[in-house]
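Heads up, the thing below is written out as structure tokens.
The chains referred to below are lettered A, B, ... by the order of the sequence lines, with proteins before strands, and numbering in each begins at 1.
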Amino acid sequence: YLPSKHRPKWTSKVVTYRIVSYTRDLPRVTVNQLVAKALNMWSKEIPLSFRRVILGTADIMIGFARGAHGDFYPFDGPGGTLAHAFEPGPGLGGDAHFDEDERWADGRGVGINFLFVATHELGHSLGLGHSSDPDSVMYPTYGAGDSENFQLSPGDIREIQELYGKSSS
Amino acid sequence: LLLPWEAGGLSEPQWKQAQEYLKRFYPSDSKSRAPNRFGAQLKEMQKFFRLPETGVLDSRVIIIMRKPRCGLPDIGE
């Protein structure tokens, strides 16, 4: 992790998000629930809340795309790069993109666990970089873990709280 | 003289894939003219993944390079 003073962060206490496109692999309601779950994992540790919007521009725009999708970082088909996200800021800042060429899953059956990847990418959307700790959700490579016990590592909590402070609750 | 991939006992496609991976996830100063930029980037990667910093493309590095992953670099911008 980089020292927090070098990392951009959201200055508002409420950050908006919008899911602009979905994968064919999962029901929309499941994607909505998993994105909310991923955001909640971060927000319960810090004094920041997320509000979903249906229309217009949100701080964090979330979507699935394949190949070139307008941000100079084209996806590469199945395997390889699964997703990417941009650090907090205007425009593309905060946005999270997922490769529609992957096979996405909700933790059951075959496929990439969307909750794991969404939690990781939304960590970037909040300003975190990659961690070399294999137990961290910010570890850069994907490993299928235990969905039931999936949680932030103590290092993840320490880093996000270094950036935003501790949750008052 | 051996070609760069031959020196490491690799095939040309393996070596090029590794180069692309390092260029993308361990970007170094583009003005750098270091004679062994590949080895230096590889050491950065080995350091990040807590592997011995040999600068040699071994099977442990190749296994990590083949894993699905996030598209953001591990170091730098």
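- Remark: B/Leu72 CG to A/Glu87 CD distance equals 9.0 Å, nearest 0.5 Å.
- The shortest distance between side-chain heavy atoms of A/His124 and B/Cys70 falls below 4.5 Å.
- Residue contact with chain B, scored on non-hydrogen atoms closer than 4.5 Å, involves the side chain of A/Glu121 exclusively.
- Note on A/Ile112, A/Asp76, A/Asp133: by heavy-atom pairs under 4.5 Å with chain B, the leading option is A/Asp133.
- In terms of heavy-atom pairs under 4.5 angstrom with chain B, the leader among A/Pro78, A/Gly79, A/Gly80 is A/Gly80.
- The closest side-chain heavy-atom distance from A/Ser132 to B/Lys47 is not below 4.5 Å.
- Under a hydrophobic clustering in which Ile, Leu, Val, Met, Phe, Trp and Tyr are joined whenever their side-chain heavy atoms come within less than 4.5 Å, directly or via other members, A/Phe150 and A/Leu82 fall into the same cluster.
- The shortest distance between side-chain heavy atoms of A/Pro140 and B/Phe25 does not fall below 4.5 Å.
- If you measure heavy-atom distances from B/Arg24 to chain A, the contacts under 4.5 Å come from the side chain alone.
- The 12-atom threshold is exceeded at CZ of B/Arg50, counting heavy atoms of other residues, nucleotides or ligands nearer than 6.0 Å.
- Criterion: ILVMFWY side-chain heavy atoms under 4.5 Å apart, direct or through other members. Under it, A/Phe86 and A/Val117 are not part of a common hydrophobic cluster.
- One hydrophobic cluster, built from ILVMFWY side chains closer than 4.5 Å, holds both B/Leu51 and B/Tyr26.
- The number of heavy atoms from other shown groups lying within 6.0 Å of NZ (B/Lys43) does not exceed 12.
- In this structure, A/Leu122 is a member of the same hydrophobic cluster as A/Leu26, with clusters built from ILVMFWY side-chain heavy atoms closer than 4.5 Å.
- Note: the hydrophobic cluster containing A/Phe114 does not contain A/Phe75 (ILVMFWY, side chain heavy atoms under 4.5 Å, direct or indirect links).
- For the atom pair OH of A/Tyr139 and CZ of B/Phe48, the computed distance is 7.0 Å after rounding to the nearest 0.5 Å.
- One finds the OG1 atom of A/Thr81 at 7.0 Å from the CZ atom of B/Arg69 (value rounded to the nearest 0.5 Å).
- For the pair A/Thr141/B/Met65, no side-chain contact is recorded, criterion being any heavy-atom separation below 4.5 Å from C-beta on.
- In this structure, chain B has no heavy atom under 4.5 Å from any part of A/Asp99.
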